[in-house]
Amino acid sequence: MVQLTSLKKIGLLFAGFLLITACKTSTNEQFSSRKVSFNADWSFHLNDSIIDKDTIGASTKWRTLDVPHDWSIEGKFDEKSPAGYGGGALNGGLGWYKKTFKVAAEDSTKITSITFDGVYRNSEVWVNGHYLGKRPNGYIGFQYEISPYLNYGDKNNEIIVKVDNSKQPNSRWYSGSGIFRNVWLETTDKLHVAQWGTYITTPNVTAEKASVSIETTIKNQYKEAKKATVTTTIFKEDKKVTSVTQYITINANGNQTLKQSAEVENPTLWSDENPELYTAVTEISLDDKIIDQYKTTFGIRDFKFDLNKGFILNGKQVKIKGVCMHHDLGPLGSAINTRAIERQLEILKEMGVNGIRTSHNPPAPELLELCDKMGFIVMDEAFDMWKQTKTKYDYANDWDKWHKQDLIDQLLRDRNHASIFMWSIGNEIPEQWNETGIEIAKDLASITRQYDKTRPLTAGMNPPVNMNIDEVTLQFEKKNVSINPLAGSGVLDLIGYNYAHQTFEHHLKNFPKTPFIATETTSGLQTRGYYDAVSDAIKKWPVSWDKKFEGGNPGNTVSAYDQVQTPWGSTHEATWKIIKKHDFLAGMYVWTGFDYIGEPTPYEWPSVSSYFGIVDLAGFPKDVYYMYQSEWTDKTVLHIFPHWNWKAGQAVDVWAYYNKADEVELFVNGKSVGKRAKKGDDLHVMWRIPFEAGTLKAISRKGGKVVLEKEIKTAGNPSQLKLTADKSTIKADKNDLSFVTVDILDANGTLVPNANNEINFSLKGNGKIVGVCSGDPVSHESYKGNKHTALAGKCLVVIQSGDTSGRLELTAKANGLKQSTIVITTE
């Protein structure tokens with residue numbers, strides 16, 4: 001273990017690149033910020049476990065980078081990785097970050113703090129040789145005041161961060177390693193709003209008027225009492241709505257919580273369809289001078305979970321159509337990027353998703369901010385385990401000492417978000433089956449309700465009820481029901497079902513006093529672009545959760561028809577059919593929205609990423625995406641699949657997802673092969689026809705009139721590359737991204753669905769390639785390289801801007817194919 005005294009003795013001198021001065025608050029700026037980004041120009045060293053052990057010294061070699069940073073994603077896939085294939089077969093290790101900076105002389109009378117939004121994991125921090133502390137949990141933010149240890153003016157300061165992710169496995173999925181979320185330097189007056197110091201609720205909401213309750217914790221670090229004026233002004237966009245002022249006297253070195261109330265006339269209510277937000281600006285004044293300003297974004301909405309009517313938002317019944325999401329961003333790893341998160345949410349919103357579960361940990365703050373703005377109903381989850389481990393070195397080892405602090409910090413950080421509608425205190429916790437778990441749940445519930453009484457409490461239980469019933473007839477007999485101890489304890493406000501979809505319809509009989517939420521459902525499996533010959537046979541892979549999977553398909557593929565499920569889950573259609581049928585079923589969170597690194601069920605090595613996603617790791621939708629879109633949106637949908645490249649005469653199952661139509665007629669080379677219409681609760685139609693090269697065409701009709709037409713053509717040999725950017729103009733801020741899709745086309749411009757060419761990329765201009773991916777769960781190619789092999793004719797390359805305006809020219813090449821270049825403008 002490194003000792004700071006030894007660092008002082010060595011007398012290390014570290015080079016620095018960034019001059020930081022504290023952020024000044026101007027009374028002329030309505031929404032000025034107290035904090036500045038501290039992400040740029042860190043030095044990083046990844047220890048060699050044999051040579052370096054766990055120390056750094058004068059000979060340590062460093063490289064310069066910006067955070068957020070995930071060192072694991074830069075490594076090679078390793079079958080012998082201690083993280084296991086569940087952790088993505090990517091190694092952890094022990095890393096060091098350091099940075100030099102300056103603080104303006106005039107800030108010597110102020111309070112300066114360093115804030116980390118998340119460091120995975122076991123971070124320890126020193127400033128100028130002074131040890132600030134340790135934080136084992138990689139997912140929660142934390143702050144250290146550094147004022148007493150700083151040099152001011154022209155003298156340098158040095159911060160050192162040790163990150164120890166060497167003990168593996170400590171996660172059931174890919175965690176990433178390092179300072180993987182944003183870092184901030186915050187400067188305030190000695191009299192200021194505390195970190196996460198506001199709590200805004202709307203206890204009474206009607207269309208005509210909303211009451212707003214504001215609790216503000218003020219911190220006085222002066223050595224004498226202070227008399228101050230606290231004014232909170234509510235804005236809608238840039239327009240002042242109302243204001244409230246209060247005078248306070250706060251003791252020396254004391255904290256005081258101030259309660260204020262306001263009313264908003266004719267409020268604009270937040271909803272998943274219209275996510276309107278307000279901003280509260282709290283200003284503290286001494287002697288008529290504003291010395292601190294703190295901004296809080298919130299929403300005005302009224303909601304409840306009703307036993308019989310499900311989720312009611314602003315008086316309207318809303319079905320929660322959600323997905324579970326892990327924190328990694330595919331080829332970017334776990335290093336957060338706001339645009340990357342936004343792109344994921346845009347893709348999900350287009351599908352009709354209105355809910356996100358942060359499985360199974362506190363998310364990056366940027367995710368919640370985007371959910372506020374874009375309209376998602378969030379289940380904010382705290383823990384994947386309590387005292388009992390799921391992997392040898394996981395958070396259970398830190399539970400006793402840290403869980404209370406971590407939970408409180410999450411609640412304080414997140415409780416003002418309009419998008420959060422429920423707290424989850426755990427996921428599939430082993431202790432749910434005994435009295436120990438009930439006592440822990442009571443403790444967690446008490447903490448949660450102490451800091452927020454406005455949202456219900458739940459947990460993902462697997463399952464909340466055991467039923468020895470025939471899965472075909474679903475005959476309900478009360479005597480066959482066994483209630484999960486946690487579910488029956490009365491601790492929870494919502495009964496959270498992980499799977500057990502056969503029991504959903506009996507919820508009111510099993511839990512006559514507690515509303516329903518499906519915290520995790522489905523676990524359907526697909527590889528984008530791969531299809532089994534017969535699509536109407538349901539397969540359970542593996543046979544049982546505790547048995548190693550035997551068999552499967554060549555290349556560790558899974559059929560992209562909705563026909564493969566885990567033994568604990570269902571197909572996508574099966575669970576949604578139940579949820580949509582009953583008002584009392586408030587909604588569900590599907591496992592998962594996107595594929596993620598690690599947990600490659602049903603396979604093991606060489607698979608390294610999941611098959612659960614409705615969208616693959618690169619962000620390309622799988623076919624089942626359009627089933628949800630046809631059910632969850634008002635868009636007019638007609639989606640036919642699979643591709644149309646098969647052996648002559650081979651029997652091919654053609655599926656169609658559609659809506660707003662009575663029927664779909666299918667044609668092969670202009671000849672009708674029949675009309676199909678959904679019957680009962682069907683969600684798709686199917687034809688089994690012999691393959692004939694040419695054109696497959698579908699026409700949907702309503703009342704005999706054409707609604708939509710779709711075609712799929714047989715592709716020839718790969719001939720050319722096509723590049724399409726999701727954004728052709730991006731900000732020159734060293735953070736913004738353009739996601740460029742690469743399609744492999746034949747000479748006629750038709751996507752070649754079986755093309756798997758290796759594509760090489762080069763970039764000219766002030767920017768860089770930061771990710772490449774095809775969505776293939778078996779690929780061991782680096783996500784950080786300049787080349788990648790396509791899957792089913794598609795590949796993705798991610799471009800990040802530099803810090804100057806100009807042109808970025810991305811060129812893609814592959815042997816035997818016509819190359820392609822695209823221009824992205826930075827400004």
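Quick note: numbers below take in every heavy atom, side chains included, and nothing from hydrogens, waters or symmetry partners. For the single chain, residues carry numbers from 1 onward in sequence order.
Residues Glu215 and Gln260 bring no donor and acceptor atom of their side chains to less than 3.5 Å of each other. No donor-acceptor contact under 3.5 angstrom links the side chains of Asp292 and Thr188, judged on distance only. Side-chain polar atoms of Asp384 and Asn361 form no donor-acceptor pair below 3.5 angstrom.
Between Lys316 and Glu273 a salt bridge is recorded (basic side-chain N to carboxylate O distance below 4.0 Å). Under the 4.0 Å criterion applied to side-chain N and carboxylate O atoms, Arg135 and Asp406 are assigned as salt-bridge partners. Comment: Arg343 does not engage Glu346 in a salt bridge, judged by the lack of any side-chain N to carboxylate O separation of less than 4.0 angstrom. The existence of a salt bridge linking Lys731 and Glu827 is excluded, since no basic side-chain nitrogen approaches an acidic carboxylate oxygen closer than 4.0 Å. Between Arg181 and Glu366 there is no salt bridge, since no side-chain nitrogen of the basic residue lies less than 4.0 Å from a carboxylate oxygen of the acidic one. Salt-bridge annotation for Arg121 and Asp398: present, with a side-chain N of the basic residue lying under 4.0 Å from a carboxylate O of the acidic one. A salt bridge links Asp452 with Arg455: at least one charged nitrogen is closer than 4.0 Å to a carboxylate oxygen.
Summarising the local packing, NZ of Lys349 is surrounded by more than 12 heavy atoms from other residues, nucleotides or ligands at distances under 6.0 Å. Within 6.0 Å of atom CG in Asn308, more than 12 heavy atoms from other residues, nucleotides or ligands are found, so the atom counts as buried in its surroundings.
A donor-acceptor contact shorter than 3.5 Å links the side chain of Thr633 to the backbone of Gln629. Judged by distance alone, with hydrogens and angles left aside, the side-chain atoms of Tyr278 form a donor-acceptor pair with the main-chain N or O of Thr268 at under 3.5 Å. Distance alone, capped at 3.5 Å, places no donor-acceptor pair between the Arg357 side chain and the Val323 backbone. Side chain of Thr521 to backbone of Ala518: no donor-acceptor contact under 3.5 angstrom is found. A donor-acceptor contact shorter than 3.5 Å is absent between the side chain of Asn39 and the backbone of Asn182. Side-chain atoms of Asn220 come within 3.5 Å of backbone N or O of Glu224 as a donor-acceptor pair. Judged by distance alone, with hydrogens and angles left aside, the side-chain atoms of Ser123 form no donor-acceptor pair with the main-chain N or O of Val119 at under 3.5 Å. Looking only at distances, no side-chain donor or acceptor of Trp423 sits under 3.5 Å from a matching main-chain atom of Arg415. The main-chain N or O of Asp288 is never found under 3.5 Å from a side-chain atom of Ser285 such that the two would form a donor-acceptor pair. Of the possible polar contacts, none joining the Asp372 side chain to the Pro275 backbone as a donor-acceptor pair under 3.5 Å is found.
Residue Lys453 comes nearest to Arg449 through the heavy atom pair CG-O, 3.0 Å, listed as atom of the first residue, atom of the second, then distance. For the pair Leu494 and Thr458, the tightest heavy-atom approach, listed with the atom from each and the gap, is O-OG1, 3.0 Å. For the residue pair Ser113 and Glu145, the shortest heavy atom distance occurs at OG-CA, 3.7 Å. Minimum interatomic distance between Thr514 and Asp493 (heavy atoms only, all atoms of both residues): CG2-O, 3.3 Å. Residues Ile200 and Asn416 approach most closely at N-OD1, 2.8 Å, considering heavy atoms.
To the nearest 0.5 Å, the span separating OG1 on Thr233 from NZ on Lys295 amounts to 14.0 Å. Atom CD of Glu520 is separated from atom OG1 of Thr592 by 9.0 Å, given to the nearest 0.5 angstrom. Going from atom CG of Leu258 over to atom OG1 of Thr217 covers 9.0 Å, rounded to the nearest 0.5 Å. Here the OG atom belonging to Ser261 is positioned 7.5 Å from the CD1 atom belonging to Ile214, to the nearest 0.5 angstrom. A distance of 8.5 Å separates CG in Leu277 from NZ in Lys373, rounded to the nearest 0.5 Å. Atom CG of Leu367 sits about 12.0 Å away from atom NE2 of His327, to the nearest 0.5 Å.
With contacts defined as side-chain heavy-atom distances shorter than 4.5 Å, the pair Arg339/Asp726 qualifies. When side chains are defined from C-beta on, Lys304 does not count as touching Phe311, because their heavy atoms never get closer than 4.5 Å. Inter-residue side-chain proximity for Tyr139 and Tyr395 is flagged as unmet; no heavy-atom pair is nearer than 4.5 Å. Within the 4.5 Å cutoff, side-chain heavy atoms of Glu350 are placed close to those of Lys635. With contacts defined as side-chain heavy-atom distances shorter than 4.5 Å, the pair Asp380/Leu368 qualifies. At least one side-chain heavy atom of Phe142 sits less than 4.5 Å from a side-chain heavy atom of Tyr144. In this structure the side chain of Pro68 never reaches within 4.5 angstrom of the side chain of Asn337, judged on heavy atoms. The shortest distance between side-chain heavy atoms of Ile408 and Trp196 does not fall below 4.5 Å.
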Item to complete: Take Ile420 and Met379, measure what side-chain contact (heavy atoms from CB on, under 4.5 Å) needs, and give me the verdict at the end.
Response: CA-CA 6 Å; Ile420 296 175; Met379 177 191 300; over 6 Å; no

Discussion item. Would Asn255 and Ile218 count as a side-chain contact (heavy atoms from CB on, under 4.5 Å) here? Give the steps.
Written reply: CA-CA 6 Å; Asn255 291 348; Ile218 311 290; over 6 Å; no

Practice prompt. Before giving the answer on salt bridge (charged side-chain N to carboxylate O under 4.0 Å, His left out), spell out for Asp189 and Lys110 the whole-Å C-alpha distance, their side-chain angles and the decisive distance to 0.1 Å.
Written response: CA-CA 5 Å; Asp189 190 270; Lys110 298 182 179 180; over 6 Å; no

Practice prompt. Assess whether side chain to side chain donor-acceptor pair (under 3.5 Å) is satisfied between Glu186 and Gln195, documenting all intermediate values.
Written response: CA-CA 10 Å; Glu186 187 166 358; Gln195 182 194 27; over 6 Å; no

Discussion item. As a quick check of understanding, evaluate side chain to side chain donor-acceptor pair (under 3.5 Å) for Asp736 and Ser801, giving each step before the final call.
Written reply: CA-CA 6 Å; Asp736 205 2; Ser801 64; 5.9 Å; no

Practice prompt. Step by step, work out the side-chain contact (heavy atoms from CB on, under 4.5 Å) result for Lys219 and Gln221.
Written response: CA-CA 6 Å; Lys219 192 172 186 178; Gln221 292 183 255; 4.0 Å; yes

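The side chain to side chain donor-acceptor pair (under 3.5 Å) search around Glu276 returns Lys236, not counting sequence neighbours.
The aromatic rings of Phe516 and Phe584 sit perpendicular, their planes meeting at an angle over 60°, well past the 30° parallel limit. Ring geometry, Phe511 versus Tyr497: the interplanar angle exceeds 60°, so the pair is classed perpendicular (tilted spans 30 to 60°). Taking the six-membered ring where tryptophan is involved, the planes of Tyr628 and Trp632 are tilted, since the angle between them lies from 30° to 60°. Taking the six-membered ring for Trp and thresholds of 30 and 60 degrees, Tyr120 and Phe180 have ring planes inclined between 30 and 60 degrees apart.
Relative to the ring axis of Phe421, Arg301 places its NZ or CZ within 45° and under 6.0 Å from the centre. At least one cation-pi condition fails for Arg34 and Tyr294: the charged atom is not both under 6.0 angstrom from the six-membered ring centre and inside a 45 degree cone around its axis. Geometrically, Lys99 engages Phe38 in a cation-pi contact, judged by NZ or CZ lying under 6.0 Å from the ring centre and within 45° of the ring axis.
Aromatic rings from His326 and His360 are positioned such that their centres are separated by under 6.0 Å.
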